[in-house]
Amino acid sequence: MKVTLFIPCYIDLFYPQVGQCIVRILEELGHGVVCPESPACCGQPAFNTGYWDETRTVAVKVMERLREAEVVVIPSGSCGAMIKVFYPELFAGTPHEALARELAPRCHEFSAFLVNKLGVTDLGARFPHKVTFHDGCHGLRELDNKQPPRALMAKVRDLELVEMSEAETCCGFGGTFAAKFPMISTAMGEVKCASALETGAEYIVSCDSSCLMHLQGLIDRQRKPIKTLHLAEILVQR
Amino acid sequence: MSTAATQFKRDARRLTADLRHRHIIHSALSQYEVTRDEKKALFQDWQGARQLAAGIKWEAVNHLDRYVDQFVRGLEARGTRVHWARTGQQARDIVLGILKSRQARMVVKSKAMTTEEIHLNEAMEGAGYEVVESDLGEFIVQLRGEAPYHIVFPAMHLTRGEIRETFQRKLGGAPSDNPEALTMVARRVLRRKYIEADAGITGANFAIAETGMISITENEGNARLAAALPKTMITLLGLEKVLPRLEDLALFLPMLATVGAAQLISGYNTMYGGPRQPGEADGPEEFHVILLDHQRTAYLADAEQRDALHCIRCGACLNVCPIYRNVGGHTYGTTYSGPIGAVITPNLRNLQDWKHLSYASSLCGACSEACPVQIPLHHHLLRNRRNSTRQKPCWWQRTAFRGYALVANSCRGWGLVTRLGRFGQKFHGLILGSRLDPAYAWTKTRDLPPIAAQTFKEWWRRRGKTRA
Amino acid sequence: MSERDHIFERIREALRTSAPRPGAHPWDSAGSAGLPSGADFDRVLSATGRTFEENAALFERNSVDLATEFLRVDGRDEALAAVVRLRDREGWKRVASHRGELTDAACAALGLPVHWTGAADDVGVLEQCDAGLSECDALVAHTGSVLVTSRSAGGRALSVLPPHHVVLARREQLLPGLPEAFALLKTKYGGNYPSMISFITGPSRTGDIERTLVLGAHGPKKLTVLLW
């Protein structure tokens, strides 16, 4: 299968290794990977702030670049939901509506792509650590993506998954929300970190680097004894 | 920024830093979640129940004229006086008119958010009536001169010690801070009030079109007493409360209890179809029902968000909302707090003054998932944001997003952003976390990761060249 | 134009644009058009028993959770004896009740002064009674509820004002769930409903102080259901 990779802006700038791991995983599974040079942003910041006209300008370019793709893999539940769920609403009643609707089913969040589309769960990974999993809200609630990451982790040798009590609670990132209401965002992050620390895990794992950027930022500032990792980074460990 | 927005931010800042407050709310609601899930599991198909409930509400709200008419005819046929109020002022005047004609002096109330919505207590007290809230939580916050903290649990932010202190100050004594002892103090005080009250005022959870009845859900029996003892009963309810059929309650009563209070069913679910009828032992001589519009018909006209009128005021969205759980109910400064409040308040009052509530959300969707009638609350928050920027765009934000649209998806533009970011980062350490920091909102409490030495795109390009 | 007409006009004007059906979400599949049937309710609501014994057991389990005192007795005579035992245990001096086949017999067996609801100055006297005895329309196994109306159970106050509410119910009054209870109301009263219909579930309760359960917030502190 020829996979088109959509790399969100924050992965490009801050977490390139996440993208690199995904390329490696997909290529090892025998798939060709392409990555269009230009799209860097799905337009979610503008969309969530209410600037839908500006979002459409961004989104049209994204859709045109992805128009020919056989499948699109997105290492983020959040950007995935933006394209799969919100583009159709964003373009409702515009000339691009058909394209948005047609594109949505070809796009997949990374873990869902492996498990639901490829039927792969065992990547031969080994990670001898105790981890806890953070469900990014968009992946969880817009894309119904609770099971795929857990199916993948279940096959990682020596990995111990301890669910935290607040696994499904928002970490408080929320895009521009984190900057508009930093006090609320920080309090939410503290709740999340406390819940993760309670499990005794060494790592908070997630399919969303944006959530992890927020959590790691808090962890570093408050010097908490836990680290964050994107699921893809674990799946390449041997 | 509007006054309401300033107040919201100020209180949010204060309360998110108040770890004691956060602990009280978190522990109360964590216990709720566990029990709620047990009760949900008793349904054979909870998601199916949500679909049915949403479908019934859709039918009712989208044929509101027909069902309201049927509801009113049924009530009137058995001697109920029905009143219509387009505004809060009209509703207050109707209540005061009834109290005057009945020569009332004291009014006992059971919990009703619609009366909070129109500030009925202030109006009655201003006109010289004694007004007593009878729901224990409402009674406590009334004694303290506060608004309800939560739609369902008005006093959940208070500890037993604070309640004891309030009782000592206002009622002249409380033997201990034991919840049972405190409840018995309130019981004794309120019993006298019921017996002396001239009028009872209630809200309604549902209005049954088919049989012309209102339905009230409660646990304490206070609404039962308010509807039994005083000679006049007044019920104030919003137009949207209507359900088509009596048997629809077989679905809604257990659902409301499950998500509202984590119960199988509430203690008292009571339907009233009129004043005391011939042959009945007791009951009010007069029963007045006031149907309140108060912007509901305006809301109805917004087809995109019409389903916000499906809301049964169960409080489920508040209970699961991480924003609510960290800033608390009073911070919203509205009658309806939490996600439903953040959805409807900007539309019921003034979008520009209240839009901050729609922005104060991470859009996590826990509310929509919890809603028993499938209101897509967090999507409505997005629509409120869209409407507010359409109505009144913020120039610098629009410029920023337009600029971003130009660079984000062009190779050159993005390369420039990357290089600029790297350059700026060199000096970031000098101002990091200070007010001069352009990323202050982030860096005040969080570290910002450095831009990678080689971004993904740079790596990908180089890899392509090497392979070629 | 009256306010009523104004409001109706605004409703009709608003409804000219149609709204999307619910279930626009990935996790919310769309419901069917129109109102659901009783079979739809049965599919989603909690499962109930099929036999009397199963439902009686369900009612009993719920009673334990609710702190309802549920007494199953064998026949009418035992029921009357049970009421007398309650009198002795609780030390009743005076009870309130309403005229009815079961309540008449129970009050006769008690041999105490009885306040019959419906008399003048009801409230003051009723409040002084130690218990209120009433019949009911049905018991609901699924929820552990007692269904009473202002016609079947001595008015509105009898079941909430005295500190102890005692309900007398016959075997055939036990219903599996709420759909059956609403169906019963329809056949029994359809077209001429009592002014109050109430599902009473357990004694009066509150959790308003630190979410701690306290019984007897305003209504009865005790609820006893006698079934034979």
Side-chain angles (χ1 to χ4, degrees), chain B residues 28 42-45 48-49 51-52 54-56 58-59 62 64-65 84 86 136-137 155 160 163 179-180 182-183 187 190 195 211 219-222 224-225 228-229 244 246-247 250-251 264-265 267-274 276-277 280-283 293 297 300-301 303 306-307 374 376, chain C residues 3-4 6-8 10-12 14-15 17-19 21-25 28 31 35-36 40-41 43-47 98 117-118 122-123 127 143 145 150-151 154-157 160 178-179 182 193-202 204-206 208-212 214 216-219:
Chain B
L42 294 174
F43 282 77
Q44 294 175 83
D45 179 2
Q51 276 169 32
L52 294 181
I56 293 169
W58 187 92
E59 165 74 19
N62 285 280
L64 196 61
D65 48 345
W84 303 80
R86 217 173 351 150
L136 179 58
R160 55 184 76 193
I163 294 167
E180 177 155 17
L182 290 170
T183 304
R187 179 183 168 107
L190 288 167
I195 291 169
T211 55
N219 276 306
E220 298 179 1
N222 59 313
R224 282 284 312 267
L225 288 166
L229 306 183
L246 185 62
E247 67 249 43
L251 181 69
L264 183 60
I265 195 165
Y268 298 91
N269 285 287
T270 312
M271 292 107 239
Y272 297 98
R276 177 183 185 174
Q277 300 293 299
E280 291 182 350
D282 55 7
D293 179 345
T297 49
L300 196 67
R306 185 176 294 159
D307 59 4
Q374 294 186 328
Chain C
E3 224 29 86
R4 178 186 186 281
H6 267 298
I7 288 176
F8 272 109
R10 288 167 66 93
I11 294 175
R12 290 188 184 116
L15 290 178
T17 0
S18 63
R21 288 216 159 252
H25 264 60
D28 293 338
L35 290 169
D40 292 323
F41 284 2
R43 179 172 54 76
V44 300
L45 289 172
S46 174
H98 62 93
T117 57
D122 216 32
V123 177
E127 217 250 330
T143 55
S145 309
S150 46
R151 212 174 291 162
R156 298 189 183 193
V160 272
L178 291 170
F182 283 107
Y193 285 98
S195 74
M196 184 208 76
I197 298 168
S198 191
F199 290 87
I200 299 171
T201 310
S204 158
R205 60 193 56 232
T206 185
D208 275 346
I209 301 175
E210 289 189 0
R211 313 279 296 124
T212 309
V214 176
H218 293 292

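Chain identifiers are assigned alphabetically (A, B, ...) following the order of the sequence lines, protein sequences preceding nucleic acid strands; residue numbering begins at 1 within each chain. FYI, side chains are in, hydrogens and waters are out, and symmetry mates aren't considered; it's all heavy atoms of this structure.
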- Turns out that what part of B:Leu300 lies under 4.5 Å from chain C's heavy atoms comes down to both
- Could you pull out all residues at least two apart from B:Tyr268 that satisfy ring-ring contact (aromatic ring centres under 6.0 Å, His included)? none
- Query: Could you go step by step and tell me if C:His6 and B:Asp293 meet the side-chain contact (heavy atoms from CB on, under 4.5 Å) rule?
  - Reply: CA-CA 10 Å; C:His6 267 298; B:Asp293 179 345; over 6 Å; no
- Pick whichever of B:Thr183, B:Asp65, B:Ile265 has the most heavy-atom pairs under 4.5 Å with chain C. B:Asp65
- Query: Side chain, backbone, both or neither: which part of B:Asn62 has a heavy atom under 4.5 Å from chain C?
  - Reply: both
- Query: Checking heavy atoms, do the side chain of C:Arg211, its backbone, both or neither come under 4.5 Å from chain B?
  - Reply: side chain
- For residues B:Leu229 and C:Ala157, report the shortest heavy-atom separation together with the two atoms involved. CD2-CB, 3.8 Å
- Query: Given that the side chain runs from C-beta out, which part of B:Ile163 has a heavy atom under 4.5 Å from chain C: side chain, backbone, both or neither?
  - Reply: side chain
- Message: Restricting to non-hydrogen atoms, name the atom on C:Asp208 and the atom on B:Glu220 that form the minimum distance, rounded to 0.1 Å.
- Response: OD2-OE2, 3.1 Å
- Message: Tell me the closest heavy-atom pair linking B:Arg187 and C:Gly219, and the distance in Å.
- Response: NH1-O, 2.5 Å
- Within the side chain of B:Asn219, is there an N or O that forms a donor-acceptor pair under 3.5 Å with the backbone of B:Gly267? yes
- Message: I'd like to know if the side chain of C:Thr201 reaches the main chain of C:Ser145, judged simply by a donor and an acceptor atom lying under 3.5 Å from each other, with no hydrogens or angles considered.
- Response: no
- What part of C:Val44 gets closer than 4.5 Å to chain B, counting heavy atoms only: side chain, backbone, both or neither? both
- Side chain B:Arg224, main chain B:Ala228, donor-acceptor under 3.5 Å: no
- Hey, which of B:Glu180, B:Gln44, B:Met271 has the most heavy atom pairs under 4.5 Å with chain C? B:Gln44
- Message: If we define contacts as heavy-atom pairs under 4.5 Å, which of B:Ala301, B:Pro179, B:Gly221, B:Gly273 has the most with chain C?
- Response: B:Pro179
- Query: Do any N or O atoms from the side chain of B:Arg276 and from the backbone of B:Ala281 form a donor-acceptor pair under 3.5 angstrom?
  - Reply: yes
- Message: Does any backbone or side-chain atom of C:Ser18 lie under 4.5 Å from a heavy atom of chain B? Answer side chain, backbone, both or neither.
- Response: backbone
- Contacts of C:Glu127 that satisfy salt bridge (Lys or Arg N to Asp or Glu O under 4.0 Å) - sequence neighbours left out: B:Arg191, B:Arg192
- C:Phe8, part contacting chain B, at a heavy-atom distance under 4.5 Å: side chain
- Looking only at C:Leu178, C:Leu45, C:Thr143, C:Thr117, the option with the highest number of non-hydrogen pairs under 4.5 Å against chain B is C:Leu45
- Task: Considering only heavy atoms and a distance below 4.5 Å, find which of B:Ile56, B:Thr211, B:Asp45 pairs most often with chain C.
- Result: B:Asp45
- Message: Which heavy atom of B:Leu182 sits nearest to which heavy atom of B:Arg160, and what is that distance?
- Response: CD1-O, 3.7 Å
- Message: For B:Arg306, which atoms come within 4.5 Å of any heavy atom of chain C: side chain, backbone, both, or neither?
- Response: side chain
- So, the part of B:Glu59 with a heavy atom under 4.5 Å from chain C: the answer is side chain
- Item | Best-contacting candidate, B:Ala303, B:Ala28, B:Gly283, B:Gly48, against chain C by heavy atom pairs under 4.5 angstrom | B:Ala303
- Task: Among the options C:Ser195, C:Ser198, C:Ala14, C:Ala217, pick out the one with the most heavy-atom pairs lying under 4.5 Å from chain B.
- Result: C:Ser195
- Item | Heavy-atom pairs under 4.5 Å with chain B, option from C:Val214, C:Thr17, C:Leu15 with the top count | C:Leu15
- Under 4.5 Å to a heavy atom of chain C? For B:Pro244 that would be side chain
